[in-house]
Structures are given as C-alpha cells and as structure tokens.
Amino acid sequence: MSVQSAIKRKTAPDLRARKNGEPIVMLTSYHAHTAALVDRHCDAILVGDSLGNVMHGFETTVPVTLDMMILQGRAVMRGSQAALVVVDMPFGSYEGSKEQAFQSAVRIMKETLCGAVKLEGGARMAETVAFLSERGIPVMGHIGLTPQSINTLGSFRAQGREEENWAPIENDAKAIAEAGAFSIVVEAVAEPLARKITQSIAVPTIGIGASAACDGQVLVLEDMLGLSPRAPKFVRRYGNLGPMIEEAIAGYARDVKSRAFPGPEHVYGMKKS
C-alpha cells in the first residue's frame, strides 16, 4: 500500500483563491540557481518562452521548442521548493488542435513535474483551455500582447489604448476565465482596460505592463535585474547587475594577464611526507 504525501508547493487552486486578496508575486526563471533565489520570495515561477530571447538571443519567442521548455522546466523544478512552477507552451505546440495541446501539456507536466502550463490567446483558445482543464491540467491564460503572434501583430505594441478596441480584449479575458483558466496574464494593455478586466472576471489577473489593480504582477527576471540590454517601458529595474558582472569579468581578465590570479591561496601544494 502506498501513501501519497501532501503537495507542499503552492498549487493552481491556491493562486485562484487569491482573487481580490494579497497580490500574487511572480517572476520568470530558467535555471536551478535563479529558481532557488526567486522561490524564497515569489508565489509562482514562470518558465517563460522568453528564454528564447534571454538565453538564446532569438529576436522573438517563435523559435522556442517544446524540448527547450521541458529542459529548463526541469531545472527550475530542481531549484525551487515552494512556488507554483508554470511552464509556457511554446508556439506550435498547442494551436493545431485541442488534442495536440493536450499531448504537449502532458509531456510538460510529466517530464518536468510542474504545477501548471500557460498558453497564449483569448476566445480562439477557450475550447482548448476547457479541454485541458477538464482533463486535469491547470491552465494559466495570456491575453493582450501575445508575443508568439508577433508576425501577425507586426510589433510589440501596447493593446487597447483606444477605447473602441476594448471589446475584443475584454471578450478574450471573459472567454478564457469561463473556460476554466485559473489565472490570466494581461500583458501590455492600457491601464484602464486592465483595471476593468480585473474587476469583471472571477479569476486572478497577473499584470505585466498592465495595472497595479491586477491581482498580481510578473516580470522577466533578467529585465528587472538590469541584465537585459533593453527593457520594455513597463519594467522597473530593481538592480543593475549587467555593469557589475562586466566589471567582475574585466577584473578577472586583468588578474589572469598579470598573473595575479591564481594566488598562493588558490593552488595546491605537495603533501608533507
């Protein structure tokens, strides 16, 4: 007879219950060591397909593969203990059909042991969200600016800045919420619209370039640490590690060239006979 231990991590229902409560804190991570740091302070960790930009230097997230997401999802799970880990479903892994989405999501959850997946798209993805949710896969939605659609959007521009364009975005949020998403990322949406959406749907919104009224916030870790050379308008830099890291590398290079490193304390002597 086996005994199942209780889940110690935060779960999708835990975040769902935070609607109109204490704001949800979420950051991205792609590595075990950064996941350990983020885990101490955040409710959720997003293994975002932004790893294509941050780790691999892609201009967009479109080239990111399912195998890439699974590999980094495993690393983040190994590095964290308490936060809910959400893994992005990359472009091409779920849009073809709800059955394709299910197979991709099953791979992600089985091979990473994460607690949820995230997919982009509004009303057009509602049937897929319902299909996954009904089959035991917690889904975080993502509306507004959807980076995987950059080739049809044309540019990374804020959405809903003219009120006559609000209706489709509001409909997207409502459709995904009613389909069973446990929370919804609202990206680069005009502040009044993000506030209205937050007030009008029953599941938590997690803003990124949206509104302080959202039920939580998420940023790309490298953006807020000052490691990204360029950051969107909505990023507040809480550190400026890029110049610090370069200064450390330059110091190392100088010491190697001058033979100041390694010093006597860094090398191994002979054993005494």
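Values in this document were obtained by computation on a predicted structure and should not be read as measured data.
- Going from atom CD1 of I45 over to atom CE of M77 covers 9.0 Å, rounded to the nearest 0.5 Å.
- L145 and F234 fall into different hydrophobic clusters, defined by Ile, Leu, Val, Met, Phe, Trp and Tyr side-chain heavy atoms under 4.5 Å apart, directly or through other members.
- When the side chains of ILVMFWY residues are joined at heavy-atom separations under 4.5 Å, either directly or via intervening members, I249 and V256 end up in two distinct hydrophobic clusters.
- Y238 contributes atom OH, which lies 9.5 Å from atom CG of L27 (distance to the nearest 0.5 angstrom).
- You'll find the side chain of R74 reaches within 4.5 Å of the side chain of E111, heavy atoms only.
- Of the charged side-chain nitrogens involved, at least one lies within less than 4.0 Å of a carboxylate oxygen, so that R107 and D67 count as a salt-bridged pair.
- Not one N or O on the side chain of K233 forms a donor-acceptor pair closer than 3.5 Å with the backbone of G209.
- Looking at S29, its side chain does come within 3.5 Å of a backbone N or O of H31 through a donor-acceptor pair.
- Contact of the I197 side chain with the I143 side chain is registered, since non-hydrogen atoms from C-beta on lie closer than 4.5 Å.
- In plain terms, the two heavy atoms of C114 and I108 that are nearest each other are SG-CG2, 3.8 Å.
- Judged by distance alone, the side chain of R195 and the main-chain N or O of C214 form no donor-acceptor pair under 3.5 Å.
- Side chain of Q217 to main chain of S211: a donor-acceptor pair is present (N/O by atom type, distance under 3.5 Å, no hydrogens or angles).
- Side-chain contact check for I137 versus F131: every heavy-atom pair is 4.5 Å or farther apart.
- Put simply, V139 and V106 are part of the same group of oily side chains (I, L, V, M, F, W, Y) that touch within less than 4.5 Å, one to the next.
- Residues D172 and A123 come closest through the heavy atom pair OD1-N, 2.9 Å.
- Side-chain atoms of R9 and S80 form a donor-acceptor pair, as typed in the model, at a separation below 3.5 Å.
- Taking OG1 from T60 and CZ from F91, the interatomic distance works out to 9.0 Å, rounded to the nearest 0.5 Å.
- Residues L15 and P204 are not in side-chain contact: their nearest non-hydrogen atoms beyond the backbone lie 4.5 Å or more apart.
- Residue S93 comes nearest to L66 through the heavy atom pair CB-CD1, 4.2 Å, listed as atom of the first residue, atom of the second, then distance.
- Side chain of Q72 to main chain of L51: no donor-acceptor pair is present (N/O by atom type, distance under 3.5 Å, no hydrogens or angles).
- Across all their heavy atoms, A173 and I184 have their closest contact at O-CD1, 3.5 Å.
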- request: Let me see the working for V117 and M109 under side chain to side chain contact (heavy atoms under 4.5 Å, CB included), right down to the final yes or no.
  value: CA-CA 8 Å; V117 299; M109 297 200 71; 4.2 Å; yes
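- A179 approaches A126 most closely through the heavy-atom pair CB-O, 3.3 Å.
- Applying the 6.0 Å contact sphere to CZ of R135 captures more than 12 heavy atoms from other residues, nucleotides or ligands.
- For A101 against M89, the heavy-atom pair with the smallest separation is O-CE, 3.4 Å.
- Note that NZ of K10 is 9.5 Å distant from CG of L84, once rounded to the nearest 0.5 Å.
- Taken to the nearest 0.5 Å, the CG atom of D14 stands 10.5 Å off from the CZ atom of F182.
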Evaluate side chain to side chain contact (heavy atoms under 4.5 Å, CB included) for H41 paired with V25, printing each intermediate quantity in order.
CA-CA 8 Å; H41 305 279; V25 182; 5.9 Å; no
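- Here the side chains of T112 and V76 are not in contact, with every heavy-atom distance at 4.5 Å or above.
- Counting only heavy atoms from C-beta outward, the side chains of V47 and D88 never approach each other to under 4.5 Å.
- Using a 4.5 Å heavy-atom cutoff, the side chains of I169 and L193 are in contact.
- Between the side chain of D255 and the backbone N or O of A260 there is no donor-acceptor pair closer than 3.5 Å.
- In this structure a side-chain-to-backbone donor-acceptor pair under 3.5 Å is present from S97 to Q100.
- Ring planes of F261 and H266: tilted class, angle from 30 to 60°.
- Y30 contributes no side-chain N or O that, together with a main-chain N or O of G52, makes up a donor-acceptor pair within less than 3.5 Å.
- The backbone N or O of L221 sits less than 3.5 Å from a side-chain atom of T28, completing a donor-acceptor pair.
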query = Should H142 and Q148 be marked as a side chain to side chain contact (heavy atoms under 4.5 Å, CB included) after you check the CA-CA gap, both sets of side-chain angles, and the distance that decides it?
reply = CA-CA 11 Å; H142 185 154; Q148 292 177 10; over 6 Å; no
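- Placement of V220 and V235 within a single hydrophobic cluster is found when ILVMFWY residues are connected by side-chain heavy-atom separations under 4.5 Å, directly or transitively.
- More than 12 heavy atoms of other residues, nucleotides or ligands lie within 6.0 Å of CE in M55, so this atom counts as buried by the packing criterion.
- No more than 12 heavy atoms of other residues, nucleotides or ligands lie within 6.0 Å of NZ in K196, so this atom counts as exposed by the packing criterion.
- The same ILVMFWY cluster, assembled from side-chain heavy atoms under 4.5 Å apart, contains both M68 and V86.
- Test R18, K19, R16 against D215 for salt bridge (charged side-chain N to carboxylate O under 4.0 Å, His left out) and you get one pass: K19.
- By the 4.5 Å heavy-atom criterion applied to side chains, D43 and E22 are not counted as neighbours.
- One finds the CD atom of Q103 at 9.0 Å from the CD atom of E99 (value rounded to the nearest 0.5 Å).
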